[in-house]
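Note that ligands are numbered from 1 as they come in the structure, with each ligand's atoms numbered from 1 the same way.
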Amino acid sequence: MLQPGDTIGILGGGQLARMLCLAAAPLGLRCHVYAPEADGPAFDVCAARTIATYQDEAALADFASRVAVVTYEFENVPAETAAFLAARVPVRPDPAALARTQDRLVEKTFIRELGLDVPAFAKVDSLVELEAALAAIGRPAVLKTRRFGYDGKGQATIREATDPADAWAAVGEHPSILEAFVPFTREVSVVAARGLDGTVVEFDLCENVHRDHILAETLVPATARPETATAALAAAARIIEALDYVGVLAVEMFVVGEGGAERVLINEIAPRVHNSGHWTIEGAKTSQFAQHVRAVAGWPLGSAERLGRIRMLNLVGPRAEDWPSIAADRSAHLHLYGKGEARPGRKMGHVTYVESVAASEKDRAGASLRMDRPGSI
Ligand code: AMP
């Protein structure tokens, strides 16, 4: 168990690391951020820093000697880096969890073996395999690279008229999987935490709206039948336990409606704090960042109780230029990540609105009345 004054090492210097540092400080814990880029948003708010590549063994060894535990803000930490550090200092979550979630084929196979639902998928290593997979899965389908995909990068949708060769070229002919296209009614996520003692605490189901493959908006509670939310939370709990995970992870899912009933299909696991959990900073008793810090420090987890009805908007690219009007809105919790240029697609900040509990209770009563009408979802 870390003591106040101890230091948590974080691999990665982006906004997630920045918000982890900001959550560690009130608990009396320091953060040492390790990242290759000198201009990471986390460097503004950390107690110590290392700017070095993930292959620099001298820098990694020095970092390991200065921290009580290592965690990370992104899933693509090289396996060798994680193993090198794990030989010297506890790494939480365990690098084995990374290995299961870095590769979409390994990840989907793992989830399916847990008895949970995923879209139909097949391994694709060549154009010939892609054609065979298309014959088995049908169209439309989505071709995704097995590794290093995020925010829709490394993906190609194959519709009726798409030439498979074009899709194969679009993913750079990298090892991939072909997935059935899911005609989802909603995208949702579960942000879950597991402590060193095995306790699991989950935030309420989040509903996510993407624009150009990037998260645009999160609404909580998600519009979903109560049994759908229960099934989604149970699936995420099953995953976090099976990974023997310590820390926060997010499970992204599709909700599909089937003749008035609903089903969840799991899309992917993000082994880290997640954009769809940013609302927890003001909207829950314990934020996802504080929860992750508590977990990796070996502390008891906090309460995930939600404090109202939530709307979180990402400030992507030039949208962040609206900050003065958001700052003037007394109901808005504005977060800016301190990044320089507002390039299109770049996550510059977010804003959270928490509607008071009394108002949201009324709203929820309305929502459940609406849901009681068959087929009205
Ligand atoms: P991913 O990188 O797998 O999270 O995919 C990014 C986004 O692409 C998802 O949030 C969905 O909006 C969309 N998407 C991914 N896979 C599928 C699928 N099999 N069917 C329909 N839409 C998908």
Side-chain angles (χ1 to χ4, degrees), residues 16 74-76 98 100-112 116-124 130 133-134 136-160 162 164 167-168 170-172 174-192 205-220 222-224 232 235-236 239 249-258 262-278 312-314 316 344-347 350:
L16 300 180
F74 70 115
E75 55 270 51
N76 290 320
L98 278 180
R100 284 230 175 96
T101 53
Q102 284 178 335
D103 178 318
R104 289 187 195 272
L105 180 66
V106 174
E107 179 181 70
K108 288 237 151 56
T109 306
F110 163 68
I111 297 168
R112 194 173 56 186
L116 301 172
D117 288 336
V118 291
F121 66 93
K123 177 167 85 71
V124 170
L130 173 56
L134 271 172
I137 286 174
R139 297 177 183 230
V142 187
L143 186 65
K144 302 180 176 180
T145 55
R146 284 171 60 172
R147 299 176 66 89
F148 302 119
Y150 68 96
D151 289 347
K153 293 187 173 64
Q155 286 193 25
T157 303
I158 302 182
R159 303 183 190 281
E160 287 311 322
T162 310
W168 183 234
V171 299
H174 290 301
S176 294
I177 63 168
L178 185 75
E179 249 179 53
F181 185 88
V182 179
F184 57 80
T185 49
R186 290 196 168 73
E187 291 189 78
V188 296
S189 60
V190 177
V191 180
L205 187 66
C206 308
E207 176 171 339
N208 302 318
V209 180
H210 293 86
R211 247 168 254 134
D212 302 325
H213 289 282
I214 299 172
L215 182 67
E217 208 170 313
T218 295
L219 305 162
V220 197
T223 309
I239 288 170
L249 62 65
V251 183
E252 297 178 31
M253 308 177 194
F254 301 121
V255 178
V256 285
E258 286 175 345
E262 286 179 335
R263 204 159 67 97
V264 287
L265 293 178
I266 295 172
N267 177 27
E268 65 180 359
I269 303 167
R272 53 174 170 76
V273 286
H274 192 254
N275 198 165
S276 67
H278 288 3
M312 189 284 305
L313 302 178
N314 261 346
V316 179
R346 196 171 193 206
K347 291 176 180 170
H350 71 268

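Under 4.0 angstrom from ligand 1, the non-hydrogen atoms of Val142 all belong to its side chain. Counting heavy atoms closer than 4.0 Å to ligand 1, residue Arg104 contributes side-chain atoms (C-beta onward) but none from N, CA, C or O. At a heavy-atom cutoff of 4.0 Å, ligand 1 is contacted by no atom of Asn208, backbone or side chain.
Taken from CG in Asp117 to CE in Met253, the straight-line distance is 11.0 Å, to the nearest 0.5 Å. The CG atom of Leu16 sits 5.5 Å away from atom NE2 of His278, with the distance rounded to the nearest 0.5 Å. Here the CG-CD1 distance, from Leu116 to Ile111, works out to 7.5 Å after rounding to the nearest 0.5 Å. Distance check: Gln155 CD to Ile177 CD1 gives 9.0 Å after rounding to the nearest 0.5 Å.
The two residues Ile266 and Ala235 make their nearest non-hydrogen contact at CD1-CB, 4.0 Å. In terms of heavy-atom proximity, Ile158 sits nearest to Leu143 at CD1-CB, 4.3 Å. Annotation for Pro164 and Leu130: closest pair O-CD2, 3.4 Å, computed over non-hydrogen atoms.
The His213 neighbourhood of ligand 1 comprises atoms 6 (C), 7 (C), 8 (O), with distances under 4.0 Å to a heavy atom of that residue. Within the listing of ligand 1, atoms 18 (C), 19 (N), 20 (N), 21 (C) sit less than 4.0 angstrom from a heavy atom of Val182. For ligand 1, the atoms lying closer than 4.0 Å to a non-hydrogen atom of Phe254 are 11 (C), 14 (N), 15 (C), 16 (N), 17 (C), 18 (C), 23 (C). Residue His210 approaches ligand 1 through these ligand atoms, each under 4.0 Å from one of its heavy atoms: 10 (O). Each of the atoms 9 (C), 10 (O), 11 (C), 12 (O) of ligand 1 lies under 4.0 Å from some heavy atom of Glu187. Residue Glu252 has at least one heavy-atom neighbour below 4.0 Å for each of these atoms of ligand 1: 4 (O).
For the pair Ala180 and ligand 1, the shortest N or O to N or O distance falls below 3.5 Å. Considering both main-chain and side-chain atoms, Phe184 never comes within under 3.5 Å of ligand 1 through any nitrogen or oxygen pair.
Looking at Cys206 and Asn208, their side chains come closer than 4.5 Å, going by heavy atoms from C-beta outward.
When Glu179, Arg211, Gln155, Lys144 are checked for heavy-atom proximity to atom 6 (C) of ligand 1, Gln155 turns out nearest.
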